[in-house]
Amino acid sequence: MSLDEIKIGGMGASRRRVEDNRFIRGKGNYVDDVVLPGMLHMEILRSPLAHARIKSIDVSAAWAIPGVRLVLTGEMMAARNLAWMPTLSYDTQAVLATDKVRFQGQEVACVIADDPYIAKDGCEAIVVDYEPLTPIVNPMQALAPGAPLIRDDKENQKDNVVFDWQVGDKAATDKAFASADKVSKLELHYPRSHPSPIETCGSIADFDRSTSKLTVYMTTQAPHIIRAAVALVAELPEHMIRIISPDLGGGFGNKVPVYPGYVMSILASILLEKPVKWIEDKTGNLISTGFGRDVYLKGELALRKDGKILAVRMHTDSDHGAFFSDAQPSKFKIGLMHSAFACYDIPAAHLTARGVYTNKAPGGVAYRCSFRVTEAMFFQERMVQAAADDLGIDQAEFRRVNLVHDDDFPHRTAFGFLTDSGQYAKCLDIGLEAIGYKDFLKQKEEAKKRGRLLGIGISTMTEPLGAGNSRAYDILGIKMFDSAELRVHMTGKAILRTGAKSQGQGHETTWAQIVAHELGIPADDIVVEEGDTDTAPFGMGTYASRSTPVAGAAVAMVSRKIRAKARKIAAHLLEVSEEDVEWELGRFYVRSAPTRGVTIQDCAFAAYTNMPDGLEPGLENVSYYDPPNLTWPFACYIATVEVDPQTGVWDVLKVVAVDDCGVRINPMIVEGQIMGGLTEAYAMASMQFITFDSEGNCVGSNYMDYLLPTAWETPGFELHEVVTPCPHHPIGAKGIGECATVGGPAAFVNAVMDAVKDTGVRNIDMPLLPDRVYEALTTKKDISGFPPVKTDA
Amino acid sequence: MYPSRFNYESPKTIEEAIALLTKGNGEAKILAGGMSLIPMMKLRFASPEMLVDINNIPDLNYHRADADGTFHIGALCRHSDLEKSSILAQHQPTLAATAPLVADPIVRNRGTFVGSVCHADPQGDWASAMIALDGMIVAQGPKGRRTIAVRDFVTGPFQNVLASNEIAIEAIIPATKGIRFGGYLKLERRIGDFATAGVAVALELSGASVIRAGIGLTGVGSSTVNATDAAQSLVGSPLTSEAIERAADLAAQAAQPRSDHRGSAAYKKQVVRTFVVRILTEINSTKTKAA
Ligand SMILES: Cc1cc2nc3c(=O)[nH]c(=O)nc-3n(C[C@H](O)[C@H](O)[C@H](O)COP(=O)(O)OP(=O)(O)OC[C@H]3O[C@@H](n4cnc5c(N)ncnc54)[C@H](O)[C@@H]3O)c2cc1C
């Protein structure tokens with residue numbers, strides 16, 4: 001009799017998250033919880049100016065403070081060839097500024113002391129003489145003729161352009177535009193935002209001279225990449241470097257890059273031969289670590305009058321800040337921006353992308369998305385709505401005309417990706433039904449007569465997850481596979497380690513469920529460990545929604561290897577040949593005598609006590625998984641809103657989400673991911689952005705100005721599901737970590753734009769703060785660009 | 001975040017606290033709820049040498065109405081005490097409308113009403129309500145007690161008239177002659193945000209006629225704005241829609257907002273205007289319903 005898979009916590013079980021046991025009891029173990037004997041504390045002095053030449057740095061007063069152990073400046077780093085470090089995108093980044101500061105918040109010096117208060121006092125005692133230079137705060141300024149050169153440290157850098165890149169078929173696209181009935185144009189800005197995990201970045205470096213071993217506790221989403229980077233940059237032997245990423249208090253892409261603070265704590269520990277702890281403060285995190293977005297779009301759609309999209313033309317100008325330090329596959333300069341329009345059947349597309357340097361903190365990290373996919377899908381869905389309006393076609397109908405049909409898979413997208421499966425129209429229908437589309441349109445007309453403004457916005461999209469396959473995806477040449485290692489103990493309990501790194505996604509819970517599904521070992525009997533490079537197999541870490549698509553697949557594959565060996569053991573125990581052994585969940589039995597069987601636990605015990613001749617003892621294995629393709633979940637998000645014409649305030653009336661992420665391992669966790677993502681989507685649409693004044697001062701350096709929505713203002717979400725298994729993933733999963741963050745913002749913005757449509761306004765750039773909506777309503781003009789900080793001081 | 005070094009004192013009586021403040025000689029600061037002071041210290045915007053924590057002084061956490069209707073709020077009365085208070089809901093409509101809009105529930109659990117008024121943040125919500133109600137602050141120093149009208153109490157942004165060794169003991173809302181009506185509306189970007197603009201209205205009605213009016217505006221000036229012309233324009237006549245519109249225009253004129261990341265000056269004036277209309281219209285309809 002087969003096991004009840006739900007009871008053992010297998011696939012489809014909404015198993016409670018095992019990690020929450022320690023988190024809700026305050027027993028998590030974050031970097032800042034780690035205390036080592038003799039540990040010193042590091043604080044960073046940051047630049048108050050966005051662009052300035054450093055004339056001198058006087059650290060003598062800092063040295064004079066009792067308890068100060070070390071003061072590091074750029075000059076001292078330079079003497080060790082560590083003033084600059086390579087980034088994940090083949091650029092360089094200053095560890096400590098030597099010549100110039102290039103953004104407000106840039107690291108200028110650091111102080112290591114007996115306690116963090118003294119270290120902070122030390123930073124305050126340092127005197128830096130700056131000669132201010134003209135700051136550049138947006139791509140328009142950066143590209144203007146005669147603009148000051150930001151990266152004058154780079155030999156061949158003549159302007160502020162980071163890259164000029166293109167993809168798609170220009171000739172075919174131009175041709176389609178020439179024959180179009182109508183061309184719909186839209187210019188958009190996806191504002192700069194910050195992933196803002198609650199836990200900031202930090203590290204504790206512990207160099208032990210006696211063993212030559214460097215152990216670093218670090219807030220990183222990708223510990224193995226860090227180990228490789230430290231080995232290459234600091235020229236330390238890789239086997240003597242141990243990176244431990246303990247519990248992480250959120251990541252969202254913010255903890256992928258390598259930050260100067262990590263490097264300085266490592267150098268300080270080597271110099272002082274003591275553990276050195278650096279915990280970034282909230283302002284430091286918000287003003288200096290990896291931002292997301294900050295992309296300007298010029299988009300055009302070539303349309304036939306029946307609504308068919310004939311071609312897409314996109315140009316993006318992206319603001320990368322002072323250093324190009326985004327983590328992204330090395331082939332693609334603007335991430336996977338060209339995944340835009342993948343859910344629509346469009347014959348031709350062309351994208352040109354230009355990246356620029358500005359005097360802002362390095363940006364462009366994949367904030368909860370697969371490398372720029374958030375921007376891609378937002379641009380797509382805003383352009384789609386504008387096009388529908390321009391043609392006077394109902395926005396749902398317009399999508400239906402263009403969505404890829406179920407029987408057209410595999411489908412080659414206009415930019416050349418291959419999508420494999422989906423039921424797009426079905427998802428849309430479920431969404432429209434759930435929101436009460438037809439009724440709402442009537443209600444909206446009724447309300448209009450009484451001066452009330454209602455609106456409805458749709459966003460449909462498929463996004464590429466799981467970078468990658470090794471042919472197309474690598475970071476700094478390291479192929480983007482992932483790994484899992486499973487060791488089944490004698491009593492049938494097991495430990496699983498993967499190359500991924502959970503930051504709240506619940507890997508400890510879901511990975512065990514995959515093993516339970518494959519082997520019938522109850523999930524509670526499996527412990528999951530990640531984040532320690534001395535024990536975990538090499539993997540690329542967790543971001544870009546790649547864990548379930550890649551590491552999760554490796555978990556299934558390693559379980560299958562274990563099952564294959566267990567089958568041999570079972571044949572031995574059952575005294576039949578392997579071919580006569582059948583498998584059902586948790587048990588092998590004799591085909592001709594199904595009551596004769598042994599459990600997976602019996603096999604595990606025999607692996608250590610009674611193995612067949614010629615078979616190695618033990619029951620463990622490792623799997624490195626290189627996915628054949630990306631996975632493509634689909635989502636349809638619909639929001640309805642009411643706008644207050646007197647104040648521009650808008651309230652969300654209802655949100656419906658229909659997600660098809662393939663097979664759901666733990667439905668509760670999937671729903672949690674969707675709700676979290678929709679919350680971030682609502683934040684982006686309504687309130688969240690980091691802006692700068694004309695001097696390059698960051699406005700949004702604390703949580704009073706950088707607004708994170710809480711349960712109090714976040715609307716409720718109604719969730720629906722469709723399941724189209726991924727044909728190439730071992731368990732049919734597609735990934736869900738980021739869909740709602742990616743697809744959600746356009747639903748909210750489209751809803752507000754729908755509400756104000758009668759004014760002729762076609763666009764208000766995010767965030768749709770009430771004052772901007774009010775201004776659009778009263779001036780009847782588009783509100784474009786990032787909200788400039790107008791301060792009439 | 002790591003503040004500069006400071007000494008911490010925890011007096012058990014008001015007199016002891018005053019003595020410590022005197023000793024501090026301008027370098028000591030009173031710690032009440034700490035919800036404004038501690039954030040400033042952790043950012044090192046404030047680096048007092050001494051903190052005089054008044055939380056262990058007994059009998060300062062109260063709020064009550066005298067028989068004549070005079071209302072007292074003690075120095076340690078928390079925002080959340082007021083939010084939950086039935087006496088407040090019964091007697092003080094303006095304050096009752098303000099209470100749930102100050103900060104967020106977490107901050108409201110610690111922050112104090114009196115501390116908020118002392119802090120004199122132009123974006124503080126309570127100060128507008130106090131202005132609208134002609135509230136007063138009772139202060140105690142080495143030479144005894146004095147009572148200061150709130151309109152004279154605040155001297156500028158984050159500044160008040162207290163000497164460095166004076167403690168605000170309580171706030172007083174004077175009794176009314178007519179029937180009290182009032183409201184508070186605040187535009188915030190999210191819960192826990194300071195006001196983009198806020199409007200406090202306090203009215204006393206005798207029959208249909210307004211016999212006293214006060215309007216305080218939050219976040220639209222370098223300190224809390226006392227919209228006296230707007231308030232005065234309502235006195236002596238019923239709340240007709242013309243009267244409401246006129247008061248709203250005058251209040252918007254009294255506002256002196258700056259353009260910033262919360263919105264343009266013109267927008268903030270528009271919000272003030274809208275809120276005055278909404279509060280007065282609402283009062284008008286409750287009043288009619290009550291009658
Ligand atoms: C996240 C957050 C959001 C907030 N949002 C809002 C908001 O939306 N609206 C709003 O109005 N406020 C807001 N606040 C401020 C909050 O209301 C504070 O509680 C209040 O301003 C100060 O009260 P306190 O008791 O915390 O004072 P403290 O922080 O203890 O003191 C503030 C100042 O007043 C002085 N002081 C305090 N008590 C006395 C006294 N009895 N006599 C003399 N001087 C005294 C102190 O020395 C100090 O200078 C917010 C605070 C936070 C942290």
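Any value given below was found using the heavy atoms of this structure, including those in side chains, with hydrogens, waters and symmetry copies removed. Numbers restart at 1 for each chain; the letters A, B, ... are given by sequence-line order, proteins then strands. Fair warning: this is a prediction, and the values are worked out from it, not measured in the lab.
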Chain B interface, residue from A:D705, A:V649, A:D115 that has the most non-hydrogen pairs under 4.5 Å:
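When all of A:D705, A:V649, A:D115 are compared, A:D705 has the most.
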Greatest number of heavy atom pairs closer than 4.5 Å to chain A - which of B:R262, B:R5, B:R44, B:Q270
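Of B:R262, B:R5, B:R44, B:Q270, B:R44 has the most heavy-atom pairs under 4.5 Å with chain A.
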Excluding sequence neighbours, so at least two apart, what forms ring-ring contact (aromatic ring centres under 6.0 Å, His included) with A:H41?
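None.
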Sub-4.5 Å heavy-atom contacts with chain A: which residues of residues 271-280 of chain B show up?
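So the qualifying residues are B:T274, B:F275, B:R278.
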Could you tell me how the ring of B:H119 sits relative to the ring of B:F158: parallel (under 30°), tilted (30 to 60°) or perpendicular (over 60°)?
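Perpendicular, since the angle between the ring planes exceeds 60°.
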A:S686: what forms a side-chain contact (heavy atoms from CB on, under 4.5 Å) with it, not counting sequence neighbours?
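Checked A:S686 against side-chain contact (heavy atoms from CB on, under 4.5 Å); matches are A:W650, A:Y682.
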Check each atom of B:P105 against the heavy atoms of chain A and say whether the ones under 4.5 Å are side chain, backbone, both or neither.
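Both backbone and side chain.
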Given the side-chain rings of B:F113 and B:H79, with only the six-membered ring counted for Trp, is the space between their centroids under 6.0 Å?
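Ring-ring flag for B:F113/B:H79: false, centres at least 6.0 Å apart.
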With only heavy atoms counted, which part of A:M687 is less than 4.5 Å from chain B, the side chain, the backbone, both or neither?
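It is the side chain, since no backbone atom gets that close.
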Is chain B contacted by the side chain of A:E280, its backbone, both, or neither, given a heavy-atom distance below 4.5 Å?
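No part of it gets close to chain B.
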So that I can tick it off, tell me whether A:D281 and B:K42 are bridged by a salt bridge, with the cut-off set at under 4.0 angstrom between side-chain N and carboxylate O.
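No.
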Any donor and acceptor pair, going by atom type alone, linking the side chain of B:E245 with main-chain N or O of B:E242 inside 3.5 Å?
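Between the backbone of B:E242 and the side chain of B:E245 there is no qualifying donor-acceptor contact (under 3.5 Å).
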Would the distance check show the side chain of B:S128 and the main-chain N or O of B:A200 forming a donor-acceptor pair, the cut-off being under 3.5 Å?
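Side chain of B:S128 to backbone of B:A200: no pair is present.
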Filter on salt bridge (Lys or Arg N to Asp or Glu O under 4.0 Å), then keep only pairs touching residues 100-129 of chain B, sequence neighbours left out; what's left?
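Every pair satisfying salt bridge (Lys or Arg N to Asp or Glu O under 4.0 Å) with a residue in residues 100-129 of chain B: B:E83-B:R108, B:D125-B:K186.
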